[in-house]
Every structure is written in C-alpha cells, then in structure tokens.
Amino acid sequence: MKKESGGLFEKLLETQQIFKNREYLRPTYIPDNLPHREEQIDQLARIWVAPLRGETPSNVFVYGKAGTGKTATVKYLMNELEKTGDEVSRKIEVIHLNCEVVNTKYRILATLANELRGKIQEKDPDAEDLPDQVPMTGWPTDQVYSVLLEILELEEQIVIILLDEIDKLISKGADDVLYVLTRINSDLANTKTAVVGISNDLNFVPQLDPRVVSSLGEEEVLFPPYNAPQIEDILKKRAEMSFEEGVLDDAVIRLCAAHAARGHGDARQALDLLRNAGELAEQERATKVTTKHVTKAFHKVERDKMEEAIRTLPEQSKLVLLSALLLQERKARKIGTGDVYDVYSALCRQNGLEVLTRRRVSGLISELDMMGVLNARVISKGRYGRTKEIELNVESIQARAAIEDEMYVKDLNSITSSKQEKLG
DNA sequence: GTTCCACAGGAAAGCTAGGATG
DNA sequence: CATCCTAGCTTTCCTGTGGAAC
C-alpha cells in the first residue's frame, strides 16, 4: 500500500502503539463484567444456585440473536459456578458442546462420555474401573449411551450439559438427542444432569418435539438485542483494556456502536469492527484511530462477508454471477436476464456442465439479488419485452477471485464474439 | 386502443442424494 | 440388502404484464 522505504528500525521506531492488548476485542474473550445483562445474569444465577445446595438445577433454554452475549454470559456463570462448587465441595462439572461442530446424536453422546472420562482421568491418572474411550465412530448408539451412564455414575456429581447453537441440531435432524439428554436423570442414581440450550434462532422452539419443549423449556431466558448506547458502553469498557490511552476518541466508538445497532444490536460485530478499525490505523501507522478508519473497516468487513458468501455459492450460481460480471466488463449497455442466459449457457457448454433452464437462471438471479451481490429490478422495455435490469454490487476483480473464474473462463473470446454476432 | 415482446414469477411435478427404516 | 422418506433443486407449464410500436 505505502511505499516501502527506510530502514527497518526506523519504521518500527516511528510506529505508534495502537493496541495495548487486542485479545480483549476478540469474540473468544469472556469478560468478567457483562454490562446490561444484569437481569439475565440474575435469572440464570437463581436457577444455578440449586446445584450448590445439592439440588438438580432446571433445564434452561437461552435464546436471543447473534451477539447478544448469550454464550459469554453463560460461560461466565459456569466458571463462577464451578469455582464456587469447589469452595463448598460439591462436584459440579460443566461440559460445553458446540452443536455446529458436534452435530449428531452419536457424537454428542460420545463427546460427553469422553470429556467426562478425561476429567476423571486428569484428577486421578490411575483411576480404576474406567470404561474405554468411546471411538469417534463404530459403536451402536445405545452402547455409547450406556458407557455415558456408567461414567456419570462413577462419582456423585452434578453435570451441566451446555449445548451451544442448539438450533443447528434441527437442521441436521439430530434433535432427538435432546429427548435423550433431558430424560437422562431417570437412568441415574448418584449423578444429576441438567441441560442448557443456547440458540440464535428465535423460531427454534416450535420446531421441537413438544416433549422436549416441556422438559428443556423449564426455564427460559431471553437475551434482547443491545441498543446503541448499550453497545457504546460495552465498547468503551473493552476499548479501555485493549487500546493505548488517547488513541481513540468517543466519536470512533459511537460510530462503531451506530453501525452495529443499525443491524440487530450485535455486540460481537461492533467489537470486530472496532478491532478492524484499530488494525487499519496500525497498518497506516496512524497515531490515532479515526472515524475514517471505522468507515474503511466497515466496508472491509462487508466486502469480506460478501466474498465469503460468493465463495460458498453453488457452482451454477457462480456461473450466473460470472456471466453477469463478464457482460458488465465488456459493455456499458444495461444487462438483462436474456443476455446473462446467453453467456451463461455458452460458459456451461465450454465447461461441459449441465445448462439450467431460463426459469431456473431467472430464479438464481433473484437469489443473488436477495443476497445483495447484485441489484435486479424489473423494467419494461415496451415492445421489447420485460426483463430484470441487472447491476453488479461487487467489485469485479474481487468477485472473480472469489468465483475462481480461471477455472471456468477458458475461451472468453468465443463467448463474447458469438454474442457480438448475435447482437450485430 | 391494441398488440405483442421477453421476460417475471407462481404452482406443481420430477429428480436426486442421503439418511432412516424394515 | 431393499425400500421408503425427505429436503432441496430443477424442470414444465403456466398466467401475467408495462409500455413502445403500431
């Protein structure tokens, strides 16, 4: 970006430190102070004092949109709970599972069994009567279940099973584990278990088996989105810890908060934006982070999201998008559905791929429109019919990189020239 | 006012992969 | 193993339509 001249040390010397410690801005960091979540903390704490008294805590269902502090709050409370449990010498184990990663019945049960086994072994390396480690695959599910029961019963304890992103189980069709997990207590004598489900999807509950809803939903805690002042507050606290003094002014934080609040009050997004702005300032060797950096970072984050979205597009959609990109590069005239279809089908034939129908391509264009990769509005050209006028919403170099267009564009000229003849 | 283009976009049937089930 | 189910695409068939040209 900038010219690379001057000695190495010279450059380093003039570098102004922006960050004190950027780790505090990362989504993995769990603060021990969660502003504006007092009510939720209170609700959850009331539920989770039970194990400290040796009682079984209720199952809890925690829901709220992304970046509303669900996971952070629950993890924070779980840490406290385990600590306090040690103090009053109650054995409380928390097993944290992310259902996006561990997303089948088998793997959830197996992971639970193995984690608990690991914890016992850690404490007492030559523990006897330990069942074998459950292999990642191969056993019948009910055998895994009975091993899990066996391990649970080894000691008197209370086990809290934390299922993060529990809504992912539904799409994977693994939601019947929930039924098993919520009834596990009836097969246990010494140990008590409780399930905590965390979901981003507010519509998750109605999709569940009613039996699971009644047991998992014993208690429900809702995490509402943060509003702009609240996000600002959170950012301020974190910024104090992570930035050097004086490199940040209030306007920067306010802008980050405003961007995030305009979405759906996603604090994670706001922190991410702030970190990116800081890193940008650092790269530019600026002495302060300004609102300009925030705006730049905002666009960068948006572009990255878009690029990722394009990269993970199905092949056919990529080809449709690529066709539109090629057309836009070649000519100024407005692009219509028919134009895209011509180029698209030529591309498919060149690559020996199946050519989808016009109807489908029209649908794919609409999907790309909804994604925001392009704008397609229906216009009428009178006698010359109706079509969607397509305008790309992405920089073509970046988009083509994301599509990996070299794979597809082999003989560009024949596509565009045949196109030219048709127009001619 | 009518025509008629070049599509839009709804409905429903067909196809397919993958997974569950007998 | 065959068979059945399901979800997600895709095709087929279809009716609808804004406005320039006639």
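So you know, we letter chains A, B, ... as the sequences are listed, proteins then strands, and number each from 1.
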Quick check on Glu153(A): does its CD atom have over 12 non-hydrogen neighbours (other residues, nucleotides or ligands) under 6.0 Å away? yes

Are Tyr145(A) and Ile184(A) close enough that some pair of their side-chain heavy atoms sits under 4.5 Å apart? yes

Rounded to whole angstroms, how far apart are CZ on Arg383(A) and P on dA21(C)? 9 Å

What's Val361(A) touching, base or sugar-phosphate or nothing? Going by heavy atoms closer than 4.0 Å. nothing

From the list dC9(C), dA21(C), dC7(B), which nucleotide is the closest neighbour of the side chain of Arg360(A)? dC9(C)

Tell me whether the side-chain N/O atoms of Thr357(A) come closer than 4.0 Å to OP1 or OP2 in dT11(C). yes

Is the CZ atom of Arg46(A) crowded by more than 12 outside heavy atoms at less than 6.0 Å? no

When the distance from CZ of Arg386(A) to P of dG16(C) is rounded to whole Å, what number comes out? 13 Å

At under 4.0 Å, does any side-chain N or O of Lys381(A) touch on OP1 or OP2 of dA21(C)? no

How many Å lie between CD on Glu367(A) and C1' on dC9(C), as a whole number? 10 Å

Is the shortest side-chain N/O distance from Ser380(A) to OP1 or OP2 of dA20(C) below 4.0 Å? no

Exceeds 12 heavy-atom contacts within 6.0 angstrom, atom NZ of Lys237(A): yes

Between dG14(B) atom P and Arg359(A) atom CZ, what is the distance in whole Å? 18 Å

